[in-house]
Amino acid sequence: MSRYSATEIEAKWQEAWDKAGVFRATRSEDKPKYYVLEMFPYPSGKLHMGHVRNYTMGDVIARYKLSTGHNVLHPMGFDAFGMPAENAAMASGGHPKDWTYANIDTMVEQMKPLGLSLDWSRMFATCDVEYYGQQQALFLDMLEKGLVYRKNAVVNWDPVDMTVLANEQVIDGKGWRSGADVERRELTQWFFNISSMSEELLSALDGLDNWPAKVRLMQENWIGKSRGLQFSFERTDGEEPITVYTTRPDTLNGASFVGISPDHPIAKAMEAENPEVAAFVAECRKGGTTEEAIETAEKLGFDTGIKVKHPLNPDWELPVWIANFILMDYGTGAIFACPAHDQRDLDFCRKYDLPVIDTFFALDDAKPVENEAFVPPKTEKVKWVNHFAGLDEATGEEAINATVDFAEKAGWGEGVTKYRLRDWGLSRQRYWGCPIPVVHCDSCGVVPEKKENLPVELPYDEDGKAIDFSIPGNPLDRHPNWRDCSCPKCGAPAQRETDTMDTFVDSSWYFARFTAPRANTPTDLAEAEYWMNVDQYIGGIEHAILHLLYSRFFARAMNITGHLPEKSKEPFNALFTQGMVTHAIYKNAERTDENGRAIYHYPAEVEERDGGTFVKETGEKIEVIPSAKMSKSKNNVVDPLNIISSYGADTARWFVLSDSPPERDVEWTASGAEAAAKHLNRVWNLCDKIGEMDADAKGQGDEELLREMHKAIRDVTLGVESFGFNAAIAKLYGFTNTLAKSKAGAAAQKQAIMTLAQLMSPMTPHLSEDIWAHQGGEGLVATAPWPVADDAMLVENTVTLPIQINGKRRGEIEVAKDLDKAEVEKLALSHDAVVKALNGGAPKKVIVVPGRIVNVVA
RNA sequence: GCGGGCGUGAUGGAAUGGUAGACAUAUCGGACUUAAAAUCCGAAGGGCGUAUGCCCGUGUGGGUUCGAGUCCCACCGCCCGUACCA
């Protein structure tokens with residue numbers, strides 16, 4: 001028996017595909033097109049198991065679509081701008097560009113042995129000047145259409161390093177390098193006007209039938225449409241009234257104070273004059289800008305001394321407080337608080353000893369509000385005590401609507417629809433990104449660069465030290481001459497913008513660029529018209545909101561600016577979100593390092609014995625933490641290259657697809673990889689054995705084998721089409737077992753092994769080609785038409801029905817498939833177990849679900 | 001804090017509201033072998049029992065249903081996101 005050598009055959013078949021050009025995508029009107037795309041990687045320098053899983057899933061779809069007669073586009077590129085390149089330069093010298101391109105080379109080298117059906121001729125990186133130059137052109141077009149503008153926005157400021165920090169660089173409210181307390185500071189920045197499309201981005205979610213419901217729901221909540229009441233509180237001092245927005249105007253009679261954001265104009269005015277307010281506001285501005293940091297920070301309040309009048313009762317005065325949890329970005333930056341019906345307001349009122357006005361809404365068994373607020377349900381009717389809008393009993397929604405009507409009629413407020421979605425700030429004070437193509441002129445102000453002057457290229461390092469990453473801040477700001485230019489409008493000496501774009505911009509249109517990656521405009525409309533939309537997009541759930549929402553916005557913006565057709569306003573027809581690849585962590589349970597930190601061991605350093613896990617060399621006990629995200633610091637990263645070199649790409653591909661459902665995390669285990677390798681060997685050996693069979697020898701059970709084969713075709717096809725790769729693989733195991741035990745003749749066995757090879761080919765393309773060739777298959781299995789299940793072979797004549805008594809399984813009967821319900825019931829009632837259970841009596845009820853089950857209620 | 005998701009044998013997991021544990025791993029037994037590896041065959045959720053079988057069992061506690069892993073409510077734990085990580 002000859003042994004299957006993965007390394008040999010994999011290289012051989014990759015060369016054959018390459019030579020035949022089977023994955024090269026060209027426009028062709030005689031086949032339906034299919035565009036499959038996996039979220040492109042950041043070139044960190046090493047291919048990760050997660051990449052392997054992601055690209056293998058895409059590859060299964062791409063190869064399957066190829067064999068079902070589609071013209072497939074399956075491209076790959078790199079999301080190559082971003083902080084890690086600058087961090088690497090900071091840590092060990094060198095240049096972000098060199099670091100990035102070296103990493104790209106490495107990763108391409110690592111990807112190629114996987115045998116992915118990619119059209120490598122379309123590859124690009126977002127840091128290619130040809131790409132970001134077109135992105136600048138796109139930016140200018142968007143600017144012209146009013147989709148980009150400038151305003152002030154808050155950033156994390158490190159007061160020691162005097163630099164802006166990314167959220168990731170703020171650890172527990174402190175700068176990652178300086179350790180200083182981070183402050184929030186305002187800066188003028190560029191924004192995409194994504195909020196102008198809030199309604200459209202929301203309502204179009206309805207049409208995304210092939211997106212996971214959870215992603216649509218998350219986006220819906222993120223956009224956060226709300227209907228509420230906007231009105232003003234008159235101040236007792238006669239100053240400008242304070243306008244508030246509330247989604248629960250029905251709780252107005254429980255108002256206890258009016259709260260304003262520390263960034264509210266009133267707070268800012270007081271800050272300038274009153275040192276106490278200034279100190280409080282400074283306290284509020286400590287810490288990072290993330291919503292999480294703001295929402296989980298201790299609730300702080302400051303009584304401004306200002307009083308306002310309740311709109312329903314001018315004699316009722318409410319105090320005005322500054323509170324750190326009120327965001328200037330949402331609503332009007334001011335609220336009224338109703339502690340009885342909102343938990344956060346209640347906690348705040350208890351802390352600062354503000355009045356809690358009880359029970360405007362009540363259930364029959366309502367208790368007075370102590371430390372738990374009663375939030376009136378939106379859709380359930382409750383009593384509305386002390387109401388003002390004419391309803392004694394109402395659902396939350398009815399009460400809100402009634403209040404809005406009441407306020408509008410009385411003329412003191414209006415119903416307003418608001419969205420939580422904020423505009424997208426794209427300015428980054430960093431070097432390694434796409435320069436924002438605008439110029440600052442003393443006389444003309446902010447002027448867009450002329451298109452003929454594009455690309456605005458990043459300076460590499462002309463004099464050897466112009467770009468220095470060892471000091472904090474943006475190297476573009478410090479560059480001796482890069483900023484110098486002339487004003488595109490008046491020609492006078494002017495300065496370039498030194499901010500670069502958020503890397504989310506780069507990844508918001510790359511899918512469109514793949515349709516014409518070398519075009520000298522952002523897209524080529526004819527190519528985009530043909531290839532768009534992405535038929536199947538695959539990536540991690542972590543991108544459920546930002547990347548996918550930004551891409552939806554960009555597709556619309558590109559339609560407005562004439563770079564994408566109308567049909568591409570929703571660019572991704574179907575979305576699949578896959579899980580992570582995890583691996584156990586081996587933590588030393590007996591000691592820590594000199595700094596008291598945990599010691600993590602590599603899988604190779606530990607062994608399992610006596611029911612425990614121990615360090616091989618020292619015998620120390622190990623605490624096994626199962627299924628953790630692979631992370632360098634935990635020493636639990638499995639290098640795909642090691643797997644490929646010891647078992648081959650097909651084994652790695654087979655393993656990452658088996659066991660776990662694709663949307664869930666999969667834990668990498670050495671035994672799992674071993675098992676995958678064994679199985680592929682087994683299939684190859686089967687092929688070998690069948691190849692040696694006497695072609696004329698008669699066997700038994702040909703029809704049974706072929707029947708199973710057609711079932712396998714049906715089930716695997718269904719599995720591949722519905723992203724049930726693990727289920728498809730389980731069927732393939734089952735069919736392999738059947739084939740291995742079959743006594744069928746040579747012809748039937750040959751047909752079965754060739755079909756098996758075909759069904760496996762999206763997952764294990766190299767092995768499948770080899771089997772196909774061994775059995776004398778025509779051409780490449782990669783381009784052979786996908787097998788079709790014969791319905792006639794799938795018909796079953798009898799079916800086994802379980803019999804339940806009171807919902808518990810007590811036996812089974814074998815009946816003809818289409819037997820009458822009454823007949824089934826009769827048969828079931830004569831079953832021994834049923835007769836015994838009924839003990840001569842009549843059943844209370846008999847439920848017969850045809851082809852499924854019989855339940856007798858005794 | 002808020003939004004979303006997940007939780008099933010020793011392990012990964014399967015199961016359009018209809019026989020819970022398919023398929024695989026680890027384990028155990030057997031065949032082959034001088035032996036081991038490889039390969040092949042078989043056992044196996046837990047408990048009781050010689051056995052036909054009976055009881056228990058899908059994170060916890062309730063509910064809906066003839067029937068719940070699946071639907072509803074509450075809770076616990078973990079994961080993702082939280083707008084400057086990509």
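Here is how names work: the chains are called A, B, and so on, in the same order as the sequence lines, proteins then strands, and each is numbered from 1.
- Phosphate contact (OP1/OP2 of B:A14, side-chain N/O of A:Asn726, threshold under 4.0 Å): present.
- For A:Lys711, the salt bridge (charged side-chain N to carboxylate O under 4.0 Å, His left out) test picks out A:Glu708, A:Glu796, with sequence neighbours left out.
- Distances shorter than 4.0 Å separate some side-chain N or O of A:Asn167 from OP1 or OP2 on B:A83.
- With respect to A:Trp509, the ring pair (Phe, Tyr, Trp, His ring centres under 6.0 Å) criterion is satisfied by exactly one of A:Tyr131, A:Phe504, A:Tyr550: A:Tyr131.
- The aromatic rings of A:Tyr510 and A:Phe40 lie parallel to each other, with less than 30° between the two planes, well short of the 60° mark.
- Stretches of at least 3 consecutive Watson-Crick or G-U wobble pairs, with each checked distance under 3.5 Å, appear in RNA chain B as B:1-7 with B:76-82, B:10-12 with B:23-25, B:27-31 with B:39-43, B:45-48 with B:53-56, B:59-63 with B:71-75.
- For B:A83, the OP1/OP2 oxygens have no side-chain nitrogen or oxygen of A:Arg422 closer than 4.0 Å.
- Taking only side-chain nitrogens and oxygens, A:Lys741 comes nearer than 4.0 Å to OP1 or OP2 of B:G42.
- Taking the ring axis of A:Trp190 as reference, the NZ or CZ atom of A:Arg150 stays within 45° of it and closer than 6.0 Å to the ring centre.
- If you check distances only, the side chain of A:Gln343 never reaches the base of B:C2 with a donor-acceptor pair under 3.5 Å.
- A donor-acceptor pair under 3.5 Å is formed between the side chain of A:His51 and the backbone N or O of A:His48.
- Evaluation of atom-type donor-acceptor distances gives no pair under 3.5 Å for the side chain of A:Gln804 against the base of B:C66.
- Taking atom CE on A:Met763 and atom C1' on B:C23, their separation rounds to 13 Å, with Å as the unit.
- The shortest distance between the side-chain N/O atoms of A:Ser660 and the OP1/OP2 oxygens of B:G13 is below 4.0 Å.
- At least one side-chain nitrogen or oxygen of A:Arg664 sits closer than 4.0 Å to the OP1 or OP2 atom of B:G7.
- Between the NZ atom of A:Lys731 and the P atom of B:A22 there is a distance of 12 Å, given to the nearest Å.
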